[in-house]
Every structure is written in C-alpha cells, then in structure tokens.
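Take a look at the structure set out below.
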Amino acid sequence: MSMLQRQRQGSASVLYDIPGPRTRTRYRLFGILSLLGIAGLLWYAVSALADNGQFDADLWDPFQYNFVQQMIVDGLLSTLKAFGLAGAFSLALGALLASGTLSDHGPVRWVCTAIVQFFRAMPLLILIVALYYAFFAKDPMWALVLGLTLYNGSVQAEIIRSGVNAVPRGQGEAAYALGMRKTQVMSTILVPQAVRSMLPSMIGQLVVTLKDTSLGYIITYNELLFMGKKIASQPMNAAGFPYIPVVLVIAPIYIALCLLLTALARWIEARGRRGANRRTSAAA
C-alpha cells in the first residue's frame, strides 16, 4: 500500500468508523428487507388496480380516437405555452430582483429583499388560486403564469445573487481600484464569471417551473394534466374510467420534458467546464 493510500485511509477513519463484518451484514440485511418491503407494496398496488379492472385492454380504446389524441396535443401545447411565458418572465424578474438585492442603496435593497423572501415563502398553489379568483377568473392561464413568475422569479433572484457573490471579492475590488463604476463591474467582471456557475441551477429551477405548470388544473386551465383528468373522468366504454392508462400516457410526457431540460443543464455545465479548462491550459 502506498503512502498516499495510507493517508487517505487514515483520514477516512478519522471522519467515520469503518464498518466491521457484523455491521456490513446488518446493512445487507436492512437492504434486503427494504427491497422486499418495496416489492410487497408494489405487488399490493398492482393487485388492487388489477382487481378494479384498471389493466383491462378495453381501457386503452379511448386513445385510438382522434379527438382524444387532439386533447393530449392541445394540453401539451398549453403546458409549453405557460412554461415558456413563466420561464422567460421569471428569469427577467429574477435578474431585476437580484440587481435590487445587490444594490448599494439601502431602501432599494430592503424592498427587493422583502419581495424575494415573501414570494419564496408563499405557497405556490395558494398564490395561483388567489390570483385566479381575484384577477384572472376569465383567463386562468395568466393566473398560472403570474403565480409561477412571482415564485420562481424570487428563487431565480437568490440563485443569481449567490452566483455573483461567489465570485472572488478581489476581482471586484481590483475593478473598483481601476476607477470602474458598479454597473461596469457587474456587467463586465462579476456577471460573466457568475453565469457559468449559475446556469445549471437556473435551468434546474426551470425544470421545477415546468413541473409546477401542472397546478393549472386546479384553476381549470387546459394544460396537460387537466386534459388527462378530463379523459380519465369519462367512462368511454363498459370497462370504466381509464385512470391508469391516462397516467401511463401523461406521466412519460412530463418526465421526457424534464429530462430534456436536465440534459440541457448538464450539457451547459460540461461545456462551461471544458471552456474553463481550456482557458486555464492556455494561461499556463
């Protein structure tokens, strides 16, 4: 064993006790029991659904009709529309609020910080429902979009603020020493460096925004989940209500959309890392 390996093993043993044979056996036993418990719950759920006829082939018949397929497409388009608007508005609001929380002017900083903390603490569903009944009863899409914008914009503001503050302080101080104004320091020194670290988190929050569009069904907005609920609530044949088939159709669409955004975040993160490595190699 090399000296480096012994040092690593020694440092690891300081942080926690290495499990012995009995402990490892106990861990394996707990793992096996957990798997058996999960398998039992899944078997019970599948059996209960099968007893209620939820896996009958006849329940899939509605999806062969054009109007049902069109309902799913319309719901998907409505979901993407609400997500596109809420995502763009939340990024703009986040940038604005982050600029306010980083301001040197006390009143501006206090107001923006209060707005961020208030909407971050506000339950999103309550916010959407309140906007719907107060202002947008005739156009529920804007209640959903505005609610998502206020909540996610506040979260994006915290992400941007944290990213800017994560840049080493010496770089900003050096820029001030050269006579640059704060606007110049932020736009040319701090923000460009912070963007690389912020983008994965910002896109991750956009994934949350996409998933939260499903709350639109509460206010009868015709998004994907609401359309699925309409399909599942109609007994289109003698087999009953197609709840499980609708879930098996709608859920993969949401999962695919979220995976695409997650893949985009990982690609941007990897590209930024490669760019940083190239700049480091060139400087060396």
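These values consider heavy atoms only, across backbone and side chains, with no hydrogens, waters or symmetry-generated copies.
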statement: Distance col, row Leu144:CG vs Ser78:OG, nearest 0.5 angstrom, shows 10.5 Å
message: Which residue in the set Val111, Thr113, Asn165 passes side-chain contact (heavy atoms from CB on, under 4.5 Å) when paired with Thr101?
response: Thr113
- prompt: Going hydrophobic residue to hydrophobic residue with side-chain gaps under 4.5 angstrom, can you get from Leu215 over to Ile255?
  reply: no
message: Side chains of Asp74 and Gln70 only: does a donor on one sit below 3.5 Å from an acceptor on the other?
response: yes
query: How far apart are the closest heavy atoms of Ala137 and Pro140, and which atoms are they?
result: O-CD, 4.5 Å
From CA spacing to verdict: side-chain contact (heavy atoms from CB on, under 4.5 Å), Phe83, Asp212: CA-CA 9 Å; Phe83 165 68; Asp212 286 343; over 6 Å; no
query: Are any non-hydrogen side-chain atoms of Leu264 and Trp267 less than 4.5 angstrom apart?
result: yes
task: Say whether, by atom type as modelled, one donor and one acceptor occur between the side chain of Tyr254 and the main chain of Leu225 under 3.5 angstrom.
output: yes
task: Hey, could you give me the NZ/CG distance between Lys211 and Leu261, rounded to the nearest 0.5 Å?
output: 10.5 Å
message: Closer than 3.5 angstrom, by distance alone: can the side chain of Ser90 be matched with the main-chain N or O of Asn152 as a donor-acceptor pair?
response: no
message: I want to check something: taking the side chain as every heavy atom from C-beta on, are Leu76 and Leu257 in contact at a cut-off of under 4.5 Å?
response: yes
- request: Is it possible for you to say whether Leu127 and Val208 belong to one hydrophobic cluster, with membership spreading through side-chain heavy-atom contacts below 4.5 Å?
  value: no
query: Are any non-hydrogen side-chain atoms of Leu41 and Tyr44 less than 4.5 angstrom apart?
result: no
field: Sidechain-backbone polar pair: Gln156 side chain, Ala95 backbone, donor-acceptor under 3.5 Å
entry: no
- prompt: What are the two closest heavy atoms between Met198 and Ile160, and how far apart are they?
  reply: SD-CA, 3.2 Å
- request: Could you go through the side-chain contact (heavy atoms from CB on, under 4.5 Å) check for Ile128 and Ile218 one step at a time?
  value: CA-CA 9 Å; Ile128 292 173; Ile218 296 292; over 6 Å; no
field: Same apolar cluster: Tyr133 and Leu148, side chain cutoff 4.5 Å
entry: yes
task: Mind checking the CD1-CE spacing from Ile219 to Met141? Nearest 0.5 Å is all I need.
output: 10.0 Å
Gly100 to Cys112 - nearest heavy-atom pair and separation: CA-SG, 3.5 Å
task: Give the minimum heavy-atom separation between Thr79 and Leu224, together with the two atoms involved.
output: OG1-N, 2.9 Å
message: Nearest 0.5 angstrom please: Leu77 CG to Ile72 CD1, how far?
response: 12.0 Å
task: Answer yes or no: does atom OH of Tyr217 have more than 12 heavy-atom neighbours from other residues, nucleotides or ligands under 6.0 Å?
output: no
field: Test item: Phe63 and Val246 side chains (from C-beta on) under 4.5 Å apart, heavy atoms
entry: yes
- prompt: Ile126, Leu150: one ILVMFWY side-chain cluster at the under-4.5 Å cut-off?
  reply: yes
field: Connected via hydrophobic side-chain network under 4.5 Å: Leu248 and Val68
entry: yes
task: Flag the pair Leu85 / Phe89 as yes when at least one side-chain heavy-atom distance between them is below 4.5 Å, and no otherwise.
output: yes
query: Arg109 side chain to Ser103 main-chain N or O, any donor-acceptor pair under 3.5 Å?
result: yes
4.5 Å side-chain heavy-atom contact, Gln69 and Val73: no
- prompt: Could you go step by step and tell me if Leu210 and Cys258 meet the side-chain contact (heavy atoms from CB on, under 4.5 Å) rule?
  reply: CA-CA 7 Å; Leu210 173 60; Cys258 293; 4.0 Å; yes
field: Step-by-step side-chain contact (heavy atoms from CB on, under 4.5 Å) determination, Trp142 to Leu131
entry: CA-CA 9 Å; Trp142 289 109; Leu131 289 170; over 6 Å; no
- prompt: Do you know the tightest heavy-atom contact between Phe136 and Leu146?
  reply: CE1-CD2, 3.9 Å
field: Separation of Leu42 CG from Ser47 OG (nearest 0.5 Å)
entry: 10.5 Å
field: Spatial distance of atom CZ (Arg22) from atom OH (Tyr27) [nearest 0.5 Å]
entry: 14.5 Å
- line: Residues Ala157 and Val116: closest non-hydrogen pair is CB-CG2, 4.0 Å
- prompt: Does Tyr151 OH have over 12 foreign heavy atoms under 6.0 Å away?
  reply: no
query: Are the side chain of Thr209 and the backbone of Gln205 linked by a donor-acceptor contact shorter than 3.5 Å?
result: yes
